[in-house]
Amino acid sequence: MNLVPPFDADTARLKVRAAQDAWNTRDPQRVAGAYTPDSVWRNRSEFVRGTDEIVAFLTKKWEREHEYVLRKSLWAYGDNRIAVRFQYEWHDDEGQWWRSYGNENWEFAPSGLMSRREASINDVKILESERRIDPDSTDDIPTE
């Protein structure tokens, strides 16, 4: 199945799952391969443009966010846009665990590569015993 716009419910869900799977590899080059060479990101308060900056951003992110595991779910879709909600868990160098909650808005080029990514993210401190995302499972986002 070709995951290019315009998206329907099935292709949008597959696109979200493909993104989740790629991000969970924590491989900046693999993740960057899903974006246009001139892709524009807003991630929290950071602005990133193009493949080299995406790779640098992700490299730095995963040097700081240990044992990162992510779950995404489709929120909405239309034509060449998809909205997702997500959660990920990770710990910092001191061993403090975090759950990060967020929403992303994606816009795609006709090729199916993402040309724009807008991410709003909030972090909550958690105890390791409060982790809800099983790294060996691909289940949907856990609910509160």
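Looking at every heavy atom in both residues, E89 comes nearest to I133 through OE1-N, 3.2 Å. For F86 against S120, the heavy-atom pair with the smallest separation is CZ-O, 4.3 Å. Smallest separation of non-hydrogen atoms from N24 and L70: OD1-N, 2.8 Å. Minimum heavy-atom separation, E107 to R81: OE2-NH2, 2.8 Å. Annotation for A109 and S115: closest pair N-OG, 4.0 Å, computed over non-hydrogen atoms. Of all the heavy atoms in R116 and M114, the pair that sits closest is O-CG, 3.3 Å.
Side-chain N or O atoms of E130 include one that pairs as donor or acceptor with a backbone N or O of L127 at under 3.5 Å. Of the possible polar contacts, one joining the R13 side chain to the A9 backbone as a donor-acceptor pair under 3.5 Å is found. With hydrogens and angles disregarded, a donor-acceptor distance shorter than 3.5 Å links the side chain of Q20 to the backbone of K72. Although no hydrogens or angles enter the test, the distance criterion places a donor-acceptor pair under 3.5 Å between the side chain of N80 and the main chain of F108.
With sequence neighbours excluded, the residues forming a ring pair (Phe, Tyr, Trp, His ring centres under 6.0 Å) with Y68 are W62, Y88, listed by chain and number. Every residue meeting the side-chain contact (heavy atoms from CB on, under 4.5 Å) condition with W98, not counting sequence neighbours, appears here in chain and number order: W90, D92, Q96, D123, K125. Residues meeting the side chain to side chain donor-acceptor pair (under 3.5 Å) test with R26, sequence neighbours left out: none. Residues that satisfy the side chain to side chain donor-acceptor pair (under 3.5 Å) test with R49, not counting sequence neighbours, are absent from this structure. Here N105 pairs with nothing under the side chain to side chain donor-acceptor pair (under 3.5 Å) rule; sequence neighbours left out.
A heavy-atom distance below 4.5 Å is not found between the side chains of R64 and D93. Looking only at side-chain heavy atoms (C-beta outward), I54 and W41 come within less than 4.5 Å of each other.
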Could you walk me through whether K61 and E63 pass salt bridge (charged side-chain N to carboxylate O under 4.0 Å, His left out), step by step? CA-CA 6 Å; K61 170 186 178 63; E63 287 173 351; over 6 Å; no
If you apply the rule side chain to side chain contact (heavy atoms under 4.5 Å, CB included), what do you find for S73 with Q87, and how did you get there? CA-CA 9 Å; S73 69; Q87 294 178 24; over 6 Å; no
Decide side chain to side chain contact (heavy atoms under 4.5 Å, CB included) for N103 and V84; before the verdict, give the C-alpha distance in whole Å, the side-chain angles of both, and the deciding distance to 0.1 Å. CA-CA 6 Å; N103 298 292; V84 300; over 6 Å; no
Please output the side-chain donor-acceptor pairs of residues 27-37 that fall under 3.5 Å, not counting sequence neighbours, one pair per line with the distance.
{"unit_1": "D27", "atom_1": "OD1", "unit_2": "Q29", "atom_2": "N", "d": "3.0"}
{"unit_1": "D27", "atom_1": "OD1", "unit_2": "R30", "atom_2": "N", "d": "3.2"}
{"unit_1": "Y35", "atom_1": "OH", "unit_2": "W23", "atom_2": "NE1", "d": "3.4"}
{"unit_1": "T36", "atom_1": "OG1", "unit_2": "D38", "atom_2": "OD1", "d": "3.0"}
{"unit_1": "T36", "atom_1": "OG1", "unit_2": "S39", "atom_2": "N", "d": "3.1"}

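The distance from the CG atom of L14 to the OG1 atom of T11 is 7.0 Å, given to the nearest 0.5 Å. The distance from atom NE2 of H91 to atom NE2 of H66, rounded to the nearest 0.5 Å, is 6.0 Å.
The number of heavy-atom neighbours closer than 6.0 Å to CH2 of W97, taken from other residues, nucleotides and ligands shown, is above 12. Atom CZ of R42 has more than 12 neighbouring heavy atoms from other residues, nucleotides or ligands inside a 6.0 Å radius.
No cation-pi contact links R117 to W106, judged by a cut-off of 6.0 Å to the six-membered ring centre and 45° from its axis.
With hydrophobic clusters built from ILVMFWY side chains whose heavy atoms lie under 4.5 angstrom apart, I121 shares a cluster with V48.
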